[in-house]
Novice: 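Submitted below is the structure of interest, expressed as structure tokens.
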Amino acid sequence: MAIKKAVLPVAGHGTRVLPATKSIPKELLPVVDQPALQYVVDEVLAAGIEHIVFVTGRGKGAIEDYFDEAYELEHSLAQKSSKAEILKDVQRTKLPAGAASFTRQQAPLGLGHAVWCAKDIIGDEPFAVVLPDVIVRAKPSCLAQMVAAYDKVGGNVIAVDPVPEERVSSYGVIAPKSRDGRLVEMSGMVEKPPREEAPSNLKITGRYILQPDIFELLEDQGKGAGGEIQLTDAMVRLMEKQAFYAYEFEGEEFDCGSKAGYFEAVVAHALEHPETAEAARAILKKYAAGG
Ligand code: UTP
């Protein structure tokens, strides 16, 4: 069955970048001239997804407004011919009617719980989960690459990215069974293994294609690491019944949920944006030379 729906959980508190995220959702922090979330929505739409389920929470109302009509703003921009391009950029952010749902996670009990909150909207079909604080720069989009892999093998597919071996203990990594090009059949996954015990250096990245059977496992999934209901724990249980593949995507990821990752995302995108590339190069040169 084709992947037509994606869940974007946006209900977390973003504690790693507080106080910036005290009154602004982390997912709306700007990366040059677009919120991080816009890059992720573009990735999702480029993968042929027709319906996005946002799992929101208290204080996240700005996300719904961002994807809606901004009548006064659009009207005001339309009065000035010099603002025609900006008006186009603003109008591009609207999601087509009926293409988005918003459901609420009353408390951030964990990623697994956030995904479970979308179960009635997803129904009985395979779907994608895309973490919106991770931007992936890739062509075709990371999720499009995964969907193409899923179309060949079915089952469950999770995106992975190789990391230097000395850093594996900071991440969730997969255990490989067999490999065919970028696709790795998995035998397991472990959270933050000691370097010498790590089954691979393939880090789990925040994009998943899952079968709907995950929902009944999430239903009774107890708390795991950090006292949160973890998606990983339910995936480990699903792996006992269904095939899981890791897909080593081609592209570059930026973890905008951390200070350094967010900074890198801004620098990388500023260096490529036609309006900022030249200035960004000059600024970087100036500070690299000591200010
Ligand atoms: P993170 O763990 O990176 O986000 O979850 P967080 O909890 O907001 O951030 P920190 O760790 O406190 O800094 C990845 C994604 O899952 C969402 C977050 O909004 C983020 O986009 N999430 C996480 C939920 O929607 N609900 C949760 O209970 C937990």
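Positions are given from 1, in the same order as the sequence printed here. Numbering of ligands and ligand atoms starts at 1, following listing order.
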Novice: Given 3.5 Å as the limit, does a donor-acceptor pair link the side chain of Gln145 with the main chain of Pro140, or not?
Specialist: yes
Novice: Can you tell me which portion of Val17 lies within the under-4.0 Å heavy-atom range of ligand 1? Options are side chain, backbone, both, or neither.
Specialist: neither
Novice: When rounded to the nearest 0.5 angstrom, what distance separates CG in Leu95 from CG in Leu45?
Specialist: 6.5 Å
Novice: Please check if any side-chain donor atom of Arg58 sits under 3.5 Å from a side-chain acceptor atom of Gln105, or the reverse.
Specialist: no
Novice: Run the salt-bridge test on Lys152 and Asp180 with the 4.0 Å N-O cut-off and return the result as yes or no.
Specialist: no
Novice: Which heavy atom of the protein is the closest neighbour of atom 28 (O) of ligand 1, given with residue, atom name and distance?
Specialist: Gly110 N, 2.7 Å
Novice: Under 4.0 Å from any heavy atom of Pro132, which atoms of ligand 1 are there?
Specialist: 21 (O)
Novice: Taking distance alone, with no angle check, do His13 and ligand 1 share an N/O pair under 3.5 Å?
Specialist: yes
Novice: Same hydrophobic cluster for Tyr171 and Phe249, using side-chain heavy-atom links shorter than 4.5 Å among ILVMFWY?
Specialist: no
Novice: With heavy-atom distances below 4.0 Å as the criterion, list the atoms of ligand 1 near Val10.
Specialist: 19 (O), 25 (O)
Novice: Can you see which heavy atom on Asp233 is nearest to which on Gln221, and at what distance?
Specialist: CB-NE2, 3.3 Å
Novice: What is the minimum heavy-atom distance between Pro108 and Glu228, and which atoms define it?
Specialist: O-OE2, 4.2 Å
Novice: Strictly under 4.0 Å, does any heavy atom of Lys26 approach an atom of ligand 1?
Specialist: yes
Novice: Can you run down the salt bridge (charged side-chain N to carboxylate O under 4.0 Å, His left out) pairs that involve residues 100-127, sequence neighbours left out, and say none if there aren't any?
Specialist: Lys5-Glu125
Novice: Looking at atom 11 (O) of ligand 1, what's its closest protein heavy atom, distance included?
Specialist: Arg16 NE, 3.2 Å
Novice: Before signing off on this row, confirm whether Gly12 and ligand 1 have an N or O atom pair separated by under 3.5 Å.
Specialist: yes
Novice: Give the atom numbers and elements of ligand 1 that come within less than 4.0 Å of a heavy atom of Leu109.
Specialist: 28 (O)
Novice: Can you report which non-hydrogen protein atom sits closest to atom 12 (O) of ligand 1, along with the distance?
Specialist: Thr15 OG1, 2.5 Å
Novice: Quick check: Pro9 and ligand 1, any N/O pair under 3.5 Å apart?
Specialist: yes
Novice: Check for me, please, whether Ile24 and Phe67 land in the same ILVMFWY cluster - side-chain distances under 4.5 Å, paths through other members count.
Specialist: yes
Novice: Side chains of Ser101 and His51: any donor to acceptor distance under 3.5 Å?
Specialist: yes
Novice: What's the shortest distance from atom 5 (O) of ligand 1 to any protein heavy atom, and which residue and atom give it?
Specialist: Asp133 OD2, 4.4 Å
Novice: Return the closest protein heavy atom for atom 8 (O) of ligand 1 as residue, atom name and distance.
Specialist: Gly14 N, 2.8 Å
Novice: Give the atom numbers and elements of ligand 1 that come within less than 4.0 Å of a heavy atom of Gln105.
Specialist: 24 (C), 25 (O), 26 (N), 27 (C), 28 (O)
Novice: If we only count N/O pairs under 3.5 Å, is Ala11 in contact with ligand 1?
Specialist: yes
Novice: Against heavy atoms of Ala114, which atoms of ligand 1 measure under 4.0 Å?
Specialist: 24 (C), 25 (O), 26 (N)
